[in-house]
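Just so we're on the same page: letters track the sequence lines, and every chain starts at 1.
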Amino acid sequence: MEKVFWDCPDFSLSQTLECGQCFRYQKEEDDCYTVICGQRVVTLGQEGGSIVFYGGGDIPFWKGYFDGDRSYGEIKQRLCNDDPIMAEAVSFAPGIRILRQEFFEMLISFILSQNNHIPRIRGLIQRLCREYGMPVKGDFYSFPTPIQLSHVSEEAYRSIGCGFRSRYMVDAVDKVLAGGFSTEELEKLSTDALRQRLMSICGVGQKVADCILLFSFGRYEVFPTDVWINRVFSHVYCAGEKLSPKELQKSAAERFGEDAGFAQQYLFHYGRKMKIGKE
DNA sequence: ATCCAGGATCTCC
DNA sequence: GGAGATCATGGA
C-alpha cells in the first residue's frame with residue numbers, strides 16, 4: 001500500500017484524537033487510526049516523528065484538518081513560560097493539536113455531549129451516522145447532513161438513545177435548514193456574535209457554543225468551561241476554591257489571553273486523565 | 001448496583 | 001440575575 005510521510009512537529013496522532021475534541025475516529029492495530037470527516041476517511045499511523053498516510057487520499061485536506069501550518073511550539077512556549085503547572089500539563093501530552101472540524105458535526109456532537117460521558121457520546125454519534133449517514137468505507141459512515149436529518153422525528157432520536165436531547169436535535173436541524181447557518185456566513189461573524197447566533201439554537205448554551213467556536217471556527221481565545229476544566233482550574237490555580245463559570249473564564253482570559261483555547265485543551269486532557277480534583 | 005457524565009433549561013425567589 | 005431541581009441513558 002502506498003505510504004506518504006508527513007513531518008509535522010508537535011503532533012501526536014493518538015493525543016490529538018483521544019484528548020476529547022473528536023468523536024469520529026477508530027483505533028486500529030499497530031497504533032494506527034482511521035479518521036472520518038464529512039465524506040472523507042483516512043487511515044494514519046505514526047513512525048517516529050512522521051505521520052504516515054496509508055493509501056493516499058486528500059492529503060492537503062487532512063493537513064488542514066490537523067492544523068498543520070500552525071506553530072504549536074511557539075504557543076506552548078508562551079503558555080509554559082513562567083507557569084510550571086501548565087508546563088506539566090503540556091508535557092503530559094505535548095502532541096495535542098486543535099482540529100479543524102466541520103460545523104454541523106460539531107453542533108450536533110456537542111448538543112449530544114451535554115450531561116453525557118465521552119464513551120457514550122461516541123456511541124450515540126456512531127448510531128446516528130449508521131442510521132442516517134452514508135456508507136463511506138467498510139463499517140464507516142459519513143456524518144448525516146442537515147438534509148439527511150430533515151425528516152427525522154424526535155421519537156426516532158429517542159430510539160437511538162438521544163434521550164432528553166432529542167428535541168434539541170430537531171430544533172438544531174430545523175434552524176440550520178431555515179438558513180443563516182452556512183459556514184461561510186458564520187465565519188464572518190465576530191466571536192461574540194457567532195456565540196450568540198449558536199446559542200439561539202435550543203440546547204446550545206455557552207459551553208456547547210464555545211466548543212463549536214474552538215473546534216470548528218478556530219476561535220482560539222475561547223475557553224470552554226465544563227465540569228472537568230472547573231475541577232482542574234480550581235485545583236491547580238485557585239487552591240481548590242471553586243469559581244463561577246463567569247469568574248473562571250475571566251481568570252483564564254487574563255492568564256492565557258489569545259491562547260486560552262489551546263491552554264484549555266492541554267488542561268482538560270491532563271486533568272481528566274489524572275482525575276485531578278476528583279474525590 | 002448506583003453513580004455520573006465535555007450542560008441546558010425551567011422554575012423559583 | 002443567581003441557586004436548585006430536572007432531564008434519559010448506559011458506560012464504568
Side-chain angles (χ1 to χ4, degrees), chain A residues 15-27 89 92-93 96 98-99 101 103 105-128 130-131 152-175 195-217 219-220 222-235 242-250 252 260-279:
Chain A
Q15 290 170 10
T16 293
L17 292 172
E18 299 198 29
C19 71
Q21 62 178 319
C22 177
F23 306 104
R24 299 277 286 152
Y25 65 89
Q26 181 174 303
K27 188 166 187 183
F92 178 74
I96 291 177
I98 303 288
L99 298 174
Q101 303 186 70
F103 160 62
E105 294 194 25
M106 291 295 92
L107 173 63
I108 296 300
S109 298
F110 281 97
I111 283 175
L112 292 176
S113 79
Q114 63 181 263
N115 206 33
N116 222 340
H117 298 84
I118 288 181
R120 185 161 185 277
I121 298 164
R122 294 187 64 202
L124 262 181
I125 292 171
Q126 194 170 34
R127 288 199 287 282
L128 184 74
R130 236 188 270 278
E131 202 68 32
V152 180
S153 68
E154 187 176 329
E155 271 315 303
Y157 289 124
R158 217 169 272 276
S159 74
I160 61 171
C162 295
F164 67 90
R165 309 163 194 85
S166 299
R167 72 184 181 93
Y168 304 154
M169 297 284 286
V170 173
D171 188 62
V173 173
D174 284 351
K175 286 210 169 81
R195 179 186 291 118
Q196 289 311 309
R197 176 72 63 85
L198 295 172
M199 287 174 66
S200 71
I201 294 170
C202 192
V204 178
Q206 176 160 353
K207 191 272 172 181
V208 168
D210 283 354
C211 283
I212 300 168
L213 286 169
L214 180 58
F215 299 138
S216 189
F217 290 96
R219 306 302 171 99
Y220 301 109
V222 304
F223 194 80
T225 302
D226 70 327
V227 292
W228 278 108
I229 212 69
N230 229 316
R231 284 180 196 142
V232 180
F233 196 91
S234 66
H235 186 266
K242 293 283 182 187
L243 302 180
S244 72
K246 209 170 186 177
E247 293 170 322
L248 198 160
Q249 300 214 349
K250 183 167 179 288
F262 303 105
Q264 193 273 1
Q265 201 56 28
Y266 292 121
L267 280 177
F268 172 82
H269 182 59
Y270 174 64
R272 193 167 78 93
K273 290 299 177 188
M274 303 296 284
K275 300 184 186 301
I276 290 178
K278 278 211 90 174
E279 297 147 24

Base-pairing mate for B:dA8 - Watson-Crick or G-U, with both contacts under 3.5 Å: C:dT6

Atom-to-atom span, CD1 of A:Ile201 to C1' of B:dG7 - whole angstrom: 15 Å

Distance in angstrom units between A:Lys275 NZ and B:dA5 C1', rounded: 12 Å

A:Arg165 side chain near B:dA8 phosphate (N/O to OP1/OP2, under 4.0 Å): no

Nucleotide nearest A:Asn115 when distance is taken to its side chain, options B:dG7, B:dC10, C:dA12: B:dG7

Given DNA chain B, 5'-ward residue of the pair A:Met199 and A:Cys19, judged by closest heavy atom: A:Cys19

Sugar-phosphate, base or nothing in reach of A:Gln21, heavy atoms under 4.0 Å: base

Neighbour count above 12 (heavy atom, 6.0 Å) for A:Lys250 NZ: no

Sugar-phosphate, base or nothing in reach of A:Cys162, heavy atoms under 4.0 Å: nothing

Closest listed nucleotide, where the reference is the side chain of A:Val227 and the choices are B:dG7, C:dT9, C:dG10: B:dG7

Out of C:dG11, C:dA8, B:dA8, whichever nucleotide has its closest atom nearest the side chain of A:Lys207: B:dA8

Touch class at under 4.0 angstrom, heavy-atom based, for A:Phe23 against every strand present: nothing

Sugar-phosphate only, base, or nothing, as touched by A:Arg231 at under 4.0 Å among non-hydrogen atoms: sugar-phosphate

4.5 Å side-chain heavy-atom contact, A:Phe217 and A:Arg195: no

Residue pair A:Leu128, A:Leu124: steps toward the side chain to side chain contact (heavy atoms under 4.5 Å, CB included) verdict: CA-CA 6 Å; A:Leu128 184 74; A:Leu124 262 181; over 6 Å; no

A:Arg120, nearest nucleotide to its side chain (from C:dT9, C:dC7, B:dC4): C:dT9

Euclidean distance for P, C:dA8 against B:dC10 (whole angstrom): 13 Å

Sugar-phosphate, base or nothing in reach of A:Gly20, heavy atoms under 4.0 Å: base

Pairing residues for A:Asp171 by the salt bridge (charged side-chain N to carboxylate O under 4.0 Å, His left out) criterion, not counting sequence neighbours: A:Lys175

Sugar-phosphate only, base, or nothing, as touched by A:Phe268 at under 4.0 Å among non-hydrogen atoms: base

C:dT9 OP1/OP2 closer than 4.0 Å to side-chain N/O of A:Arg127: no

Nearest listed nucleotide, side chain of A:Arg158, among B:dG7, C:dG11, C:dT9: C:dT9

Aromatic A:Tyr25 / basic A:Arg122 pairing, under 6.0 angstrom, 45° off normal: yes

Nucleotide nearest A:Cys202 when distance is taken to its side chain, options B:dT9, C:dG10, B:dG7: B:dT9

